[in-house]
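Here's the structure, in structure tokens; my notes come after.
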Amino acid sequence: MRVCVIGTGYVGLVTGACLAHIGHDVICVDNNEEKVKLMKSGQSPIFEPGLSEIMQSAIQAEKIHFTSDLAAGVAHGEVLFIAVGTPPLPTGESDTRYVEAVARGIGENLNGGYKVIVNKSTVPIGSGDWVRMLVLDGVAERQKTLVPAGGVASNEKLPEFAAEFDVISNPEFLREGSAVHDTFNPDRIVLGGNSQRAVGLMRQLYAPIVERKYAVDQSLPPVPILATDLSSAEMIKYAANAFLATKISFINEVANICDRVGADVTQVAKGIGLDSRIGNKFLQAGIGWGGSCFPKDVSALIHTADDYGYEAQLLKSAVSVNERQRLIALEKLQKVLKILKGKTIGLLGLTFKPDTDDLRDAPALNLIEQLNRLGAKVKAFDPIVSQTGLRHGLSGVLVETDAERLADGCDALVLVTEWQQFSTLDYVKMAKLMAHPVIIDGRNFLDPEAMIRAGFQYVGVGR
Ligand SMILES: NC(=O)C1=CN([C@@H]2O[C@H](COP(=O)(O)OP(=O)(O)OC[C@H]3O[C@@H](n4cnc5c(N)ncnc54)[C@H](O)[C@@H]3O)[C@@H](O)[C@H]2O)C=CC1
Ligand SMILES: O=C(O)[C@H]1O[C@H](OP(=O)(O)OP(=O)(O)OC[C@H]2O[C@@H](n3ccc(=O)[nH]c3=O)[C@H](O)[C@@H]2O)[C@H](O)[C@@H](O)[C@@H]1O
């Protein structure tokens, strides 16, 4: 099928490349010319495991093209994905101005032939109908430009162009760091909307994925497709993220109690996770959740509830537990080192999770700010950011090129991100290079006994 994906970030580019990989003809549109240039040359502007490979093979097979020309993308696609960002406003609401611009732009460029407009961006509940209205506004704007100078005589007809389309909500559940894998191995596909025709086309689009043709385990039953109304699909996205974020806040609260009573939260998580009603995933206690979605989506849902006169108390608590948790490493450093002024603290990892280059709302950023405020010097090593540091505009932190340089002269290390390579560092050597061999394991990632044997004073979260 002919597909146009508008917005080539973590969601748009992965969606476009994966759809091209399974045989669709894809045009990816982005208004960032530099990104488009980079992608045309076969390079991914983001770090996501497996993405460059499928991008390059799709480029070679001429299944994917990149452009900044929205009109060309709209003309090409039978299915038009909106995958632009919806970042948080200071009030907690989503900033939907990019979706708005794209929806109007689609309307202004509709060129005849039926189109399915797919909201893949995470958008406030009710946005499906709003997008429809904006597309129609765009169509009306375009109609105005078709009126010849001097107006149209009453017996003359305006030039016609079709604007036959439906809007579908197709929320995205991929995780950064495993986005390509998640796209080919989804737990479910949600399609919200009341047009059978549009839902039918979306089923056709996703058929190879539904049939597990690109799955790690091809013997699994087909991926369930849940067809709902628009608002329910939009709510499913927010509810899923809010539930997962709350689950992490829950285990972090338990970890804080474990710290006080001398229990081990990793054992507790195992013990409760074996109950199939609870499940063992998303029970890793640590320094809190971050990233571009959990914080913004939970805030947006609280805001929506507020708009409708309902106080989302549980969600508010999940957020406040998380805000406190994101400073737990600081508390632990103060407990061990007492005064932080004049001390050097080394951060192992900066990104909000491993296998991504994304620093949006990363717990490391709070930590850097607070350590700077308390007069500590902050250094960091991150496998990706150390290579691309300048691009991220980090301030208040000296980014080192390897873990041993990082350890040199530090009064303590904090493991912020559980990059796999941090499990095999030469901790004996690192301990010797440090002024005080203290490690705060913010992700309970390391083996406490091995760290003690390496010469460290080890402090975990709730263990
Ligand atoms: N990052 C993630 O893991 C997930 C994100 N989402 C949602 O998907 C949406 C996109 O998120 P990301 O991919 O992270 O965003 P992103 O910020 O990485 O990418 C957005 C892209 O849209 C482009 N853009 C903005 N305005 C445009 C316009 N008028 N025309 C063409 N391109 C335009 C930007 O240049 C950028 O490349 C958000 O609503 C987010 O909440 C949903 C699931 C997972
Ligand atoms: O809407 C989105 O953007 C996406 O948000 C999350 O994906 P992502 O933010 O990429 O990464 P996660 O693996 O969910 O981790 C989010 C945060 O929670 C933290 N986390 C995760 C799991 C856990 O057990 N403990 C924990 O502290 C991570 O360190 C990270 O800071 C969801 O998992 C995706 O389903 C969703 O599509």
Side-chain angles (χ1 to χ4, degrees), residues 244-275 278-291 294 317-318 320-338 340 345-354 362-364 366-367 370-371 380 403 406-407 410-428 430-431 434 436-463:
L244 293 169
T246 305
K247 194 170 179 187
I248 303 168
S249 279
F250 173 83
I251 199 67
N252 282 336
E253 184 124 285
V254 170
N256 296 339
I257 304 172
C258 283
D259 258 340
R260 283 157 178 84
V261 299
D264 180 343
V265 73
T266 62
Q267 298 289 317
V268 176
K270 230 176 248 165
I272 61 172
L274 284 167
D275 184 328
I278 297 174
N280 59 10
K281 297 196 177 127
F282 273 66
L283 284 178
Q284 279 164 28
I287 55 170
W289 36 271
F294 280 178
S317 297
S320 62
V321 166
N322 194 51
E323 279 166 358
R324 196 175 52 189
Q325 201 69 17
R326 286 174 58 142
L327 294 176
I328 205 98
L330 196 70
E331 252 177 54
K332 289 176 186 285
L333 284 169
Q334 284 178 323
K335 212 164 172 190
V336 180
L337 298 175
K338 311 294 178 207
L340 295 180
I345 310 299
L347 308 185
L348 276 167
L350 285 166
T351 54
F352 82 98
K353 64 181 285 194
N366 287 95
L367 208 50
Q370 292 304 318
L371 286 167
L406 173 74
C410 276
D411 293 286
L413 293 176
V414 181
L415 189 143
V416 174
T417 318
E418 66 278 32
W419 284 93
Q420 200 47 49
Q421 73 177 72
F422 293 165
S423 64
T424 53
L425 297 174
D426 187 345
Y427 284 106
V428 174
M430 284 166 65
M434 292 175 67
H436 298 99
V438 172
I439 188 156
I440 312 292
D441 182 358
R443 296 290 177 188
N444 289 343
F445 179 66
L446 302 166
D447 175 359
E449 281 170 18
M451 294 311 292
I452 292 165
R453 277 198 306 275
F456 275 94
Q457 180 178 349
Y458 175 93
V459 183
V461 179
R463 74 200 295 212

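Values below: every heavy atom of this structure, side chains too, minus hydrogens, waters and symmetry copies. Please read all numbers here as calculations on a predicted model, not as lab measurements.
When every heavy atom of G349 is checked against every heavy atom of A364, the shortest pair comes out as O-CB, 4.4 Å. Across A285 and N444, no two heavy atoms sit closer than the pair O-ND2, 4.0 Å. Contact between W289 and A245 at its shortest, heavy atoms only, is NE1-O, 3.0 Å. In plain terms, the two heavy atoms of N256 and R260 that are nearest each other are O-NH1, 2.9 Å. Shortest non-hydrogen contact noted between A318 and T246 is CB-OG1, 3.8 Å. Minimum heavy-atom separation, P363 to G288: CG-O, 3.8 Å.
Between the side chains of R453 and Y458, no donor N or O sits under 3.5 Å from an acceptor N or O.
A donor-acceptor pair is defined here as one N or O able to donate and one able to accept, closer than 3.5 Å; no such pair exists between the side chain of D411 and the backbone of L337. Between the side chain of T417 and the backbone N or O of K353, no donor-acceptor pair lies under 3.5 Å. Side chain of R326 to main chain of N366: no donor-acceptor pair is present (N/O by atom type, distance under 3.5 Å, no hydrogens or angles).
The closest side-chain heavy-atom distance from Q457 to V336 is below 4.5 Å. A heavy-atom distance below 4.5 Å is not found between the side chains of L347 and L406. Counting heavy atoms from C-beta outward, L350 and W419 have side chains that stay 4.5 Å or more apart. C258 has its side chain out of reach of E253: every pair of non-hydrogen atoms, C-beta onward, lies at least 4.5 Å apart. Proximity of I439 to L348: side-chain heavy atoms (C-beta onward) are separated by under 4.5 Å at one or more points. Residues Q420 and P354 have side chains not in contact (no heavy-atom distance under 4.5 Å, counting atoms from C-beta outward). Contact check for K270 versus N280: no side-chain heavy atoms found under the 4.5 Å cut-off. Put simply, the side chain of L446 reaches to within 4.5 Å of the side chain of L415, judged on heavy atoms.
Rounding to the nearest 0.5 angstrom, the gap separating the CD1 atom in I345 from the CG atom in L330 is 9.0 Å. Atom CD1 in I287 sits 10.0 Å away from atom CG in N322 (nearest 0.5 Å). In this structure, the separation between CG on L333 and NZ on K338 is 12.0 Å, given to the nearest 0.5 Å. Separating the CD atom in E449 from the CE atom in M451 is a distance of 12.5 Å, to the nearest 0.5 Å. Atom-to-atom distance recorded for D426:CG and M430:CE is 8.5 Å, nearest 0.5 angstrom. Atom CZ in F422 sits 10.0 Å away from atom CG in L413 (nearest 0.5 Å).
A salt bridge does not link E331 with R324: none of the charged nitrogens is closer than 4.0 Å to a carboxylate oxygen.
Applying the side chain to side chain contact (heavy atoms under 4.5 Å, CB included) test to Q334 and every residue at least two apart in sequence or in another chain returns L340, L374. With sequence neighbours left out, the side chain to side chain donor-acceptor pair (under 3.5 Å) criterion links E418 to no other residue. Among residues two or more places apart in sequence or in another chain, the side chain to side chain contact (heavy atoms under 4.5 Å, CB included) test is passed with K332 by D259, I328, I440, V459, V461.
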I248 vs Q284, test: side-chain contact (heavy atoms from CB on, under 4.5 Å). Steps then yes/no.
CA-CA 7 Å; I248 303 168; Q284 279 164 28; over 6 Å; no
Worked verdict on F456 versus M434 for side-chain contact (heavy atoms from CB on, under 4.5 Å)
CA-CA 10 Å; F456 275 94; M434 292 175 67; 3.5 Å; yes
